[in-house]
There are 2 protein chains.
Amino acid sequence: MLTDRQLLILQVIIDDFIRYGQPVGSRTLSKKDKITFSSATIRNEMADLEELGYIEKTHISSGRVPSEKGYRYYVDHLLSPERLTPDDMRKIKSIFAERIYELEKIVQKSAQILSDLTSYTSIVLGPAVKDNRLKRLQIIPLNRETAVAIIVTDTGHVENRMITLPASVEASDLEKMVNILNERLVGVSIAELKDKIYREVANVLRTHIYSYDSMLKTIAETLDIPQEEKMFFAGKTNMLIQPEFNDIEKIRSLMAMIEQEKDFYRLLRQNSKKGIQVTIGRENQLSGMENCSLITATYSAGEEQLGTIAILGPTRMEYSRVIAILQRVASDLSTALTDWYQNS
Amino acid sequence: MLTDRQLLILQVIIDDFIRYGQPVGSRTLSKKDKITFSSATIRNEMADLEELGYIEKTHISSGRVPSEKGYRYYVDHLLSPERLTPDDMRKIKSIFAERIYELEKIVQKSAQILSDLTSYTSIVLGPAVKDNRLKRLQIIPLNRETAVAIIVTDTGHVENRMITLPASVEASDLEKMVNILNERLVGVSIAELKDKIYREVANVLRTHIYSYDSMLKTIAETLDIPQEEKMFFAGKTNMLIQPEFNDIEKIRSLMAMIEQEKDFYRLLRQNSKKGIQVTIGRENQLSGMENCSLITATYSAGEEQLGTIAILGPTRMEYSRVIAILQRVASDLSTALTDWYQNS
DNA sequence: TGTTAGCACTCACATACATCGAGTGCTAAA
DNA sequence: TTTAGCACTCGATGTATGTGAGTGCTAACA
């Protein structure tokens, strides 16, 4: 167990390193207000902290740098909660300045403001479509072979895709079918649509529609809506400003990782537990993340979790500030969206 | 005017530099097969070429490097057309392997393949929506206040947006209005929609619709569809591999430029004249492009120009290869889309 | 017994300097 | 007109050396 003095030293080392990005030595520490004992004492304590794995040296006679374990302890136990400045608050409020029409717009704007505020990269996931309910299905034939199918949800989200019409299908049949589908499926949640078709609607269709067989598959495919949340990035190049990324190789692997959206999406989904989550360096099991930390928060409407907002920064990230900002944005976003869904 | 021997030397210098990225000296040149005279002669010729501004030294006793003027001359007069390898051809064909359903998909895939083939960054613009014609307009009320308006074009492109309904509007009126709009506007090109409403449809609406005044503006806004082509990037990080970008500052300004999509879009639009266009280094009047060249080609369906495909690479780019690839992809894309539009 | 002053030691980093080699321009001979 | 030869330039590379911020350890101190 760490003594109070060791904790103090660990905290001051990390605070200083986050601020200046330079290894912290015993002399520097001894000059801090909070620290009342000499550099020699500090050296002894630091040797212990190093042995316990909370700090590291970059080389044998250098100052100390926090290890991942150190950051972890810092985040879990030592974080001093930070108050947002009025300016920060103003910027966050500006996300909601205009009336919300489209969810995606506000989500995108959140990402933008988050990266502005933090100078790191921000990622916003969501909002999930799967719990939305079908408002209207429409199939609009373009020519003999193809049509575009449009699905509108109760939240105003629109999905569309091209479909190939079976050669045998009649325009009147198509219309009839769309009517039946709307009658039966409006109000059903998007995730259940496909299932419901086979369970309940297939029979009705069979009795009414001539080219039933060939259409059923087409329709089922049509309603098989991708349920992955969209991912919005902002400030992708902000990481280039961070001094730890002045090495081309690091930049390359980081950028490659970000561009490889699939893996990154998976990583974010792993962090979608409610509340603030911090994963530090190699805790993120994704190559390219060695020098990065990811902080995520979830937002929701009412009880239902809608998505995730996240900040990707160097491990030497301003954790307390970023957490404060994320908490605030997530909560404001949740409030706004709860309102929005209630009025829908 | 340059002599034949000067042209030969210029060509060999640029070919060599494009290949190896190192300043080219007289000794290196004298060993090339094509060159039958001594290094001393070459030195004399190079001094002349330098005086004329076609090549430069990186420092006083270094080999020569092509200047922008040199590249320009090379591209305009010295380019030896390159044949694509079977492997390249195969990859290009793979763009069109699947049946085309959605234009965007194929455009995106083109961008992907282009960046794969070249190891540079590719950008694809388009296809433009403005010459498409309205197939169907739909307004689906979500609640008392808001509705989602959906516009489908004859090419199957779907645009949607949220609108606020005037408080006074009746559901039956809304339906009536949508019917009128569809009757009058189907087949009208997207670019002319807004105009046509005021010129021809407004009067009809006035006589049939109760809350005419409040609706008209909403409708006009709804139909004011953004006519900018979408921009698809692929291989954004490919430039990081190029040895000329081993300088952090260069990477930063390049990445910042790419992320700043607006300006880049404008730049691309400037290069939208038909056929292949090459702009070298500072010919692109956009900061961050100093060390880059942009090669663009346009694609079309029938007579109508639809968009642009482009490659962004270092000034030391494999011009002839990239041009050959772009030409091929643009032409295949045009053929495919011409077909596609004919069947629509 | 915990704390501190003092000291020898380490190592990254900066500076200075020598060396090397690919390249140049110029001159004079072929 | 071409080319061989030569002195010269300059970036790159390697080596020596000094500086300073940092360390660990020991012994004296409160």
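We name chains A, B, ... by the order of the sequence lines, and we start the count at 1 in each one. Just so you know, these numbers come straight off a predicted model, no measurement behind them.
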Under 4.0 Å between a Lys/Arg side-chain N and an Asp/Glu carboxylate O for [X] and [Y]?
{"X": "B/Lys250", "Y": "B/Glu244", "answer": "no"}
{"X": "B/Arg64", "Y": "B/Glu50", "answer": "yes"}
{"X": "A/Arg19", "Y": "A/Asp15", "answer": "no"}
{"X": "A/Arg328", "Y": "A/Asp88", "answer": "no"}

### Query
Using a heavy-atom cut-off of 4.0 Å to chain A, what are the terminal contacting nucleotides of DNA chain C, in 5' to 3' order?
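Counting from the 5' end, contacts occupy C/dT3 to C/dA12.
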### Query
Taking B/Glu82 for the side chain and B/Ala324 for the main chain, is one N or O donor matched with an acceptor at less than 3.5 Å?
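Flag not set: sc B/Glu82 to bb B/Ala324 has no pair under 3.5 Å.
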### Query
Just by distance, do the side chain of A/Asn284 and the backbone of A/Gly281 share a donor-acceptor pair under 3.5 Å?
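Yes, A/Asn284 side chain to A/Gly281 backbone: donor-acceptor pair under 3.5 Å.
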### Task
Please work out which residues in residues 3-31 of chain A have a non-hydrogen atom less than 4.0 Å from an atom of DNA chain C and list them by number.
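By residue number: A/Arg5.
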### Query
Going by heavy atoms closer than 4.0 Å, what residues in residues 57-64 of chain A are next to DNA chain C?
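Contacts with DNA chain C under 4.0 Å: A/His59, A/Ile60, A/Ser61.
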Please tabulate, for side-chain N and O atoms in residues 111-120 of chain B, each donor-acceptor pair with protein atoms closer than 3.5 Å (sequence neighbours left out).
from	atom 1	to	atom 2	distance (Å)
B/Gln112	NE2	B/Asp116	OD1	3.3
B/Ser115	OG	B/Gln112	O	3.1
B/Thr118	OG1	B/Leu114	O	2.8
B/Thr118	OG1	B/Tyr120	N	3.2
B/Tyr120	OH	B/Glu318	N	3.2

### Task
Estimate the overall bend of the helix from C/dT1-D/dA30 to C/dA30-D/dT1 from the end axes over five pairs each, rounded to 10 degrees.
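Overall, the helix from C/dT1-D/dA30 to C/dA30-D/dT1 bends by 20° from one end axis to the other.
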### Task
Would you sort out whether A/Ser39 and A/Arg27 count as a side chain to side chain donor-acceptor pair (under 3.5 Å), showing the intermediate values?
CA-CA 5 Å; A/Ser39 64; A/Arg27 223 181 96 83; over 6 Å; no
### Query
Near DNA chain D, which residues from residues 41-53 of chain B have a heavy atom under 4.0 Å away?
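Within residues 41-53 of chain B, the residues near DNA chain D are B/Thr41, B/Arg43, B/Asn44.
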### Query
Taking atom CZ of B/Arg266 and atom NZ of B/Lys262, what is their separation to the nearest 0.5 Å?
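Reported to 0.5 Å precision, the distance equals 8.0 Å.
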### Message
ring pair (Phe, Tyr, Trp, His ring centres under 6.0 Å), that's the test. Do A/Tyr319 and A/Tyr71 meet it? Break it down for me.
### Response
CA-CA 9 Å; A/Tyr319 292 93; A/Tyr71 282 123; 5.8 Å; yes
